[in-house]
Protein chains: 2
Amino acid sequence: MVSRQQTESGTTARTGVEAVTKQRGRPRSFDRETALEKAILAFWEHGYEATSVSDLTRVMGIGAPSLYAAFGDKRSLFDEVVRVYGTRYGSFGERALAEEPTARAAVERMLREAAAEYTAPGRPHGCLVIHAATNCTSPEVEEDLRERRNANIAAFESRMKAGIAAGELPAGTDAAALARHTGAIVQGMSQQARDGATREQLEALAALAMAVWPDSSANPARSRTEAG
Amino acid sequence: MVSRQQTESGTTARTGVEAVTKQRGRPRSFDRETALEKAILAFWEHGYEATSVSDLTRVMGIGAPSLYAAFGDKRSLFDEVVRVYGTRYGSFGERALAEEPTARAAVERMLREAAAEYTAPGRPHGCLVIHAATNCTSPEVEEDLRERRNANIAAFESRMKAGIAAGELPAGTDAAALARHTGAIVQGMSQQARDGATREQLEALAALAMAVWPDSSANPARSRTEAG
DNA sequence: GCATTTGCCTAGTGATCGCTACAGAAAAAA
DNA sequence: TTTTTTCTGTAGCGATCACTAGGCAAATGC
């Protein structure tokens with residue numbers, strides 16, 4: 001009765017085969033997935049506290065009781081929003097870390113993609129995880145996203161340590177500092193995307209930031225028109 | 001009758017000589033400056049929206065009517081808080097830019113001091129201007145601090161351009177990108193200070209970030225225990 | 001058809017928001 | 001002292017907050 005409401009109704013897995021059983025009562029008059037996407041955009045743009053339930057019902061196109069029946073309370077809706085956001089919009093970092101052959105290539109790709117993602121047209125700028133729960137009345141929400149941010153930095157560090165172990169980075173490389181630096185660049189890029197920076201400006205920033213890597217070439221701060 | 005209430009009462013400048021004229025009515029029962037400092041700390045820690053007027057009256061130790069009589073409404077109190085914060089806590093950047101002989105030395109000092117300021121004990125961590133007005137219901141407050149952040153980046157850029165003109169930086173240096181990069185580092189440091197980073201961690205991050213400068217030495221990402 | 005189940009809509013809950021009217025209290029001016 | 005001026009405390013304003021009770025609507029099961 002409780003958890004049932006928050007899952008997509010109409011499908012049940014039975015004996016390994018997905019069987020569609022007709023729901024008994026009145027069917028939902030809205031599409032849960034598109035309503036969730038609207039909620040993602042609203043929370044993304046205005047943050048957890050500044051997005052009221054009446055804001056949500058307006059942009060989702062449903063009444064408050066429908067929202068509570070389908071998603072639980074505001075907090076659990078936000079939790080789902082953060083989870084889906086992570087897989088739908090915030091996974092480029094993990095993907096780069098997992099797919100690129102070196103830590104350096106992974107971070108370079110991540111920063112380049114961040115410049116594009118954080119300024120993508122038709123979406124709120126910047127990163128939801130970085131901005132949606134700052135200055136919250138309820139500390140739990142704030143703490144939840146804080147842990148995600150710190151987990152990201154920890155993931156950077158472990159990837160860099162793997163790079164050191166693999167010999168792709170010098171043995172003396174300070175993985176923790178490099179990871180924190182990468183996190184600061186990502187967070188700073190997200191902030192500046194919110195503050196109106198363009199994709200090109202963020203790309204230049206990111207390219208410059210790559211100069212801190214041990215095997216970088218000299219004179220990175222030269223303009224691209226001169227240095228190529 | 002309107003602006004009078006918001007200034008410190010009891011002193012009036014007359015014919016160039018500061019004359020203390022006794023106030024006519026009942027004197028204020030609290031010290032306006034210490035109450036303002038409490039408000040600074042409250043807004044600094046929780047941000048504009050998450051700090052309610054009742055929060056303010058509690059930490060300031062005064063009633064709501066006294067607050068409104070002495071500081072105007074919540075918005076104008078926040079404006080004063082931001083202004084005083086800027087001179088009291090947020091001026092280390094300007095000072096470094098103005099006092100250091102080179103742009104590079106100025107940024108290096110600014111980042112080093114930021115690591116200390118953003119983690120100073122007994123105060124909220126991070127920067128009020130960066131964090132206190134994200135996700136606001138009223139866009140004006142958000143825009144006000146956004147303009148301050150962008151003005152800071154513009155100040156970085158003009159200092160770097162001056163450095164190029166003075167010959168202390170290579171002529172091809174991309175001042176705009178370097179300024180945005182510096183802004184990203186500062187904003188990232190502030191975010192990480194809020195997320196629990198220590199002063200030492202931020203100092204390592206800042207030292208690493210200085211490697212993007214044209215005249216930096218090689219292999220900056222090495223640990224200090226090995227390289228220094 | 002009828003009963004059951006489930007979702008939607010109206011209308012509201014108590015709590016808190018920013019803010020203020022009003023009366024009493026404390027000072028100087030008369 | 002009395003009057004005038006200003007501040008303080010109580011008490012409450014309308015608006016909005018997150019949230020929900022209750023009745024109706026729309027589907028299936030019989």
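Letters A, B, ... mirror the listed sequences (proteins, then strands); counts begin at 1. Side chains included, hydrogens not; waters and symmetry mates left out as well; all remaining heavy atoms used.
Contact check of residues 45-55 of chain A against DNA chain D (heavy atom, cut-off under 4.0 Å) returns T51(A), S52(A), V53(A), S54(A).
Whole-Å rounding puts the F78(B) CZ to dC19(C) P distance at 14 Å. Per the geometry, NZ belonging to K74(A) stands 16 Å off P belonging to dT16(D), to the nearest Å. In this structure, R32(B) atom CZ and dC7(D) atom P are separated by 11 Å, rounded to whole Å. When the P atom of dA18(D) is taken as reference, atom CG of L56(A) falls 8 Å away, rounded to whole Å. Note: OH (Y68(A)) to P (dA21(D)) measures 12 Å, nearest angstrom. Atom CG of D31(B) is separated from atom P of dC7(D) by 15 Å (rounded to the nearest Å). The separation between F30(B) atom CZ and dT8(D) atom C1' is 10 Å, rounded to whole Å. To the nearest angstrom, P of dT28(D) lies 16 Å from CZ of R28(A).
Looking at which nucleotide of DNA chain D each of R24(B) and G61(B) is closest to, the 5′-most match is held by R24(B).
Relative to the six-membered ring of Y48(B), K74(B) meets both conditions, a distance below 6.0 Å and an angle of at most 45° to the axis. Stacking of R28(B) on the aromatic ring of F30(B) is recorded, both the 6.0 Å distance cut-off and the 45° axial limit being met.
Ion pairing of R32(A) with E80(A) is present here, as a side-chain N (NZ or NE/NH1/NH2) and a carboxylate O approach within less than 4.0 Å.
A donor-acceptor pair is defined here as one N or O able to donate and one able to accept, closer than 3.5 Å; such a pair exists between the side chain of R149(B) and the backbone of V129(B).
Considering only heavy atoms from C-beta on, Q191(B) comes within 4.5 Å of H131(B) through its side chain. Side-chain contact check for E37(B) versus V84(B): every heavy-atom pair is 4.5 Å or farther apart.
Counting any heavy atom pair closer than 4.0 Å across all strands shown, P27(A) reaches sugar-phosphate atoms only and no base atom.
The line from CG of L56(B) to CD1 of I62(B) is 8.5 Å long, rounded to the nearest 0.5 Å.
The base of dA25(C) sits within donor-acceptor range of the side chain of R26(B), with an N or O pair under 3.5 Å.
Listed pair S66(A) / dG7(C) fails the phosphate criterion, with no side-chain N or O lying under 4.0 Å from OP1 or OP2.
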